[in-house]
Amino acid sequence: MRTTDLFEDSLADALRGSGLTLLRGFALPLGRAWLEDLERVTNAAPFRHMMTPGGQRMSAAMTNCGTAGWVTDRTGYRYDRLDPDSGRPWPAMPDSFATLARRAAAEAGFEAFEPDACLINCYLPGARMSLHRDRDERDYAAPIVSVSLGLPATFLWGGLERVDRPRRIPLAHGDVVVWGGPARLAFHGVAPLADGCHETLGRRRINLTLRRAL
Ligand code: MD3
Ligand code: FE
């Protein structure tokens, strides 16, 4: 559709040189094996609504795989090698996840990206993520690769200051975003998820972020 093309063209202009690379449909087609890997991880380490240091439950449910996982509780945010719910290490990162992340990072100009952490967010209709920066990782030189699955969402991309008005970027099933360089410490969030039903994932959105944490 022509209006879509115009939107995508002006978005591409805004993204040029920003450090944010949008790879539409890069994760398509997702092999069956890929979704089975995801299910294996979420069976071993089920989604849970973590507590923020301020005492609020997060509206997106989360889990992790990899050497380290991102966690929040009353004491703060951190990467932890153990799942606090089970006391065991997080499930290993499936090769299929690391391979996709490496290919996407290379496409965006980041060679030799080796993720050691994968945060998996699950949004039901109404769930959101408020504006924040990802700054619990040790080395900001590594990019973050995000894979969107299931229901579409509106991604909010702010500037380097909290007050910068965020740009709204629609993300659909299979879209991959790579953030690095000047965009690495940008404020970002997710608008409340609209209701709907995705043909393979049902009434939810799942987002994976592959990171170099340790
Ligand atoms: C921009 N997740 O888990 S991923 C998060 O869709 C998170 O679930 C969102 O923000 C989600 O921390 C957005 C895209 C993303 C990830 C990291 C970024 C965007 C970013 C780091 C810097 C700038
Ligand atoms: Fe984030």
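In listed order, ligands and their atoms are each counted from 1. Note that the structure is predicted; figures quoted are calculated from it, not measured.
- Of the heavy atoms in Leu119, only side-chain atoms (C-beta onward) come closer than 4.0 Å to ligand 1.
- Contact annotation: for Ser148 versus ligand 1, there are no heavy atoms closer than 4.0 Å.
- Neither side chain, Asn64 nor Trp70, offers a donor N or O lying under 3.5 Å from an acceptor on the other.
- A distance-only check finds no donor-acceptor pair linking the side chain of Ser96 to the backbone of Trp34 [under 3.5 Å].
- Counting heavy atoms closer than 4.0 Å to ligand 1, residue Tyr123 contributes side-chain atoms (C-beta onward) but none from N, CA, C or O.
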Enumerate, atom names and distances included, each donor-acceptor pair closer than 3.5 Å involving a side-chain atom of residues 180-189, sequence neighbours excluded.
| from | atom 1 | to | atom 2 | distance (Å) |
| --- | --- | --- | --- | --- |
| Arg184 | NE | Ala142 | O | 3.3 |
| Arg184 | NH1 | Asp134 | O | 2.8 |
| Arg184 | NH2 | Glu137 | OE1 | 2.7 |
| His188 | ND1 | His132 | O | 3.3 |
| His188 | ND1 | Ala186 | O | 3.1 |
| His188 | NE2 | His132 | NE2 | 3.0 |
| His188 | NE2 | Asp134 | OD1 | 3.0 |

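- Residues Leu22 and Phe110 are members of separate hydrophobic clusters, defined by side-chain heavy-atom contacts under 4.5 angstrom among Ile, Leu, Val, Met, Phe, Trp and Tyr.
- Looking only at protein heavy atoms, the nearest one to atom 22 (C) of ligand 1 is Arg184 O, 3.0 Å.
- Contacts between Arg135 and ligand 1, counted as non-hydrogen atom pairs separated by less than 4.0 Å, are absent for every part of the residue.
- Contacts of Arg128 with ligand 1, taken as heavy-atom pairs under 4.0 Å, are absent altogether.
- Contacts between Arg133 and ligand 1 below 4.0 angstrom, taking non-hydrogen atoms only, are absent altogether.
- Protein heavy atom nearest atom 17 (C) of ligand 1, with residue, atom name and distance: Asp134 OD2, 3.3 Å.
- An angle of 90° is found at the Fe ion (ligand 2) between His132 atom NE2 and Asp134 atom OD1, rounded to 10°.
- Counting heavy atoms of neighbouring residues, nucleotides and ligands inside a 6.0 Å radius, atom CZ of Arg24 exceeds 12 of them.
- For atom 3 (O) of ligand 1, the nearest protein heavy atom (residue, atom name, distance) is Asn121 OD1, 2.9 Å.
- For a threshold of 3.5 Å applied to N or O pairs, the pair formed by Ser146 and ligand 1 contains no separation below that value.
- Residue contacts with ligand 1, taken as heavy atom pairs separated by less than 4.0 Å, involve Phe155 solely via side-chain atoms from C-beta onward.
- Following chains of ILVMFWY side-chain contacts shorter than 4.5 Å, one can reach Leu119 starting from Tyr77, so the two form part of one hydrophobic cluster.
- The protein heavy-atom contact nearest to atom 21 (C) of ligand 1 is His188 CE1, 3.4 Å.
- Protein heavy atom in closest approach to atom 16 (C) of ligand 1: Trp179 NE1, 3.7 Å.
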